[in-house]
Amino acid sequence: MTHTIIDSPIGSLTLVRGDEGLTGIFMPDHRPVPDETAFGDRDDAAFADAAQQLAEYWAGERTAFDLPLAPVGTPFQQRVWQALREIPYGETRTYGWIAERIGQPTAVRAVGLANGRNPCSIVVPCHRVVGSSGALTGYAGGVERKRFLLDLERGDGLAGAGLDSVA
C-alpha cells in the first residue's frame, strides 16, 4: 500500500493505492475514520493519474473517472458501490433506487450503510445519493462537502459553493 495527500477545494484528500488500484480517498474528518496505519509509505508519483483526473473534475472538465479501483468490502457493499458508479454526473438517486438496482428492493437501510462505508469517495459518487424526499442525508466528509460536490456537478462552480466553510 502507498498513499499521497493532495489539495482540493474540499480540503486535503488522502489517496491510498494497493497493487490492484485505489483502495481509498479520504477527506478531513472522514467518517468512519480510516485506519491510517494501513496507508503504507507516501509515494506522490504513484498517484499522478488520480491527481490529474481529480484536478480535471474540480475544473469541471471531467464527468467520469477512469481509474483502477480496488475498494475492500463485502460482496453486498461491492454491488452497492458498483451501482453508485452508474449514477450520472450531476444527477442524484435515492437509496431505494440503488436497492432496486441491485435487486434487493427491501434492503434500503443496508444500502445506506454500504453507501456510508464507500472508501473511494468522489470517484465512486456516494455524494449523488439523497433521501427519498430529495433531502441531503449524511456523508462521510460532512453534508457541506456533499452539497459542494452536487453544486459543482450542477455547474454552480467553485465560486458560489462556499469554499471557506468546507475546506
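What you see below is based on every heavy atom in this structure, not just the backbone, and it leaves out hydrogens, waters and symmetry mates.
- Rounded to the nearest 0.5 Å, atoms CD (E144) and CG (D29) are 10.0 Å apart.
- Relative orientation of the H127 and Y139 rings is perpendicular, given thresholds of 30° and 60° on the angle between their planes.
- Between G116 and P32, the closest heavy-atom pair is O-CD, 3.6 Å.
- Here the straight-line distance linking atom CG of L15 with atom CG of D49 works out to 9.5 Å at 0.5 Å rounding.
- Side chains of W97 and I87 form a contact here, defined as non-hydrogen atoms less than 4.5 Å apart.
- The aromatic rings of F26 and F39 lie parallel to each other, their planes meeting at an angle below 30°, with 60° marking the opposite boundary.
- Considering only heavy atoms from C-beta on, W58 comes within 4.5 Å of I122 through its side chain.
- Side-chain atoms of Y89 and R62, non-hydrogen and from C-beta on, never get closer than 4.5 Å to each other.
- Pairing each heavy atom of G18 with each of T23, the nearest pair is N-CG2, 3.9 Å.
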Chi angles and distances behind the side chain to side chain donor-acceptor pair (under 3.5 Å) call for T4, D44: CA-CA 5 Å; T4 192; D44 297 336; 2.4 Å; yes

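- Residue L149 is not grouped with residue V130 when hydrophobic side chains (ILVMFWY) are merged at heavy-atom distances under 4.5 angstrom, including chains of intermediate members.
- At most 12 heavy atoms of other shown residues, nucleotides or ligands fall within 6.0 angstrom of atom CD in E20.
- Between G96 and V108, the closest heavy-atom pair is CA-CG2, 3.9 Å.
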Verdict with supporting geometry, R31 and V33, side chain to side chain contact (heavy atoms under 4.5 Å, CB included): CA-CA 5 Å; R31 297 286 176 253; V33 176; 2.7 Å; yes

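- In the hydrophobic clustering of ILVMFWY residues, with side-chain heavy atoms under 4.5 Å counting as a link, V111 and V124 come out together.
- Residues T137 and Y95 bring a donor and an acceptor atom of their side chains to less than 3.5 Å of each other.
- When side chains are defined from C-beta on, R17 counts as touching P68, because their heavy atoms get closer than 4.5 Å.
- Proximity of Y57 to V123: side-chain heavy atoms (C-beta onward) are nowhere separated by under 4.5 Å.
- Atom CG of residue L150 and atom CZ of residue R145 lie 14.0 Å apart, to the nearest 0.5 angstrom.
- A single hydrophobic cluster is seen to contain both F65 and I6, as judged by linkage of ILVMFWY side chains at heavy-atom distances under 4.5 Å, directly or through other members.
- Contact check for I98 versus R79: no side-chain heavy atoms found under the 4.5 Å cut-off.
- Closest non-hydrogen pair, L84 versus P125, comes out as O-CG, 3.3 Å.
- In this structure, a donor-acceptor pair under 3.5 Å is present between the side chains of E56 and Q52.
- The two residues A114 and Q77 come nearest to each other via the heavy atoms CB-CG, 3.9 Å.
- Residues K146 and D151 are not paired through a salt bridge, judged by the lack of any N-O separation under 4.0 Å between the basic side chain and the carboxylate.
- Atom CZ of R93 sits in a crowded spot, with more than 12 heavy atoms from other residues, nucleotides or ligands closer than 6.0 Å.
- Side-chain contact between C120 and R85 is absent, with no heavy-atom pair separated by less than 4.5 Å.
- Checked for salt-bridge contact, E86 and R101 meet the test: a charged N lies under 4.0 Å from a carboxylate O.
- Cluster membership for V129 and L152, using ILVMFWY side-chain heavy atoms within less than 4.5 angstrom, is shared.
- Rounded to the nearest 0.5 Å, atoms OG1 (T14) and CD1 (I5) are 4.5 Å apart.
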From CA spacing to verdict: side chain to side chain contact (heavy atoms under 4.5 Å, CB included), M27, S12: CA-CA 6 Å; M27 296 168 261; S12 297; over 6 Å; no

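- Nearest heavy atoms, G40 versus H3: O-ND1, 2.9 Å.
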L69 and W81: CA distance, side-chain angles, deciding distance, side chain to side chain contact (heavy atoms under 4.5 Å, CB included) verdict: CA-CA 11 Å; L69 300 178; W81 300 338; over 6 Å; no

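- Checking side-chain atoms of E153 against main-chain N and O of E91 turns up no donor-acceptor pair under 3.5 Å.
- The neighbour count for D19 CG, taken as heavy atoms of other residues, nucleotides or ligands under 6.0 Å away, does not exceed 12.
- Side-chain contact check for I102 versus F76: some heavy-atom pair is nearer than 4.5 Å.
- In this structure, CG on L136 lies 8.5 Å from OG1 on T92, to the nearest 0.5 angstrom.
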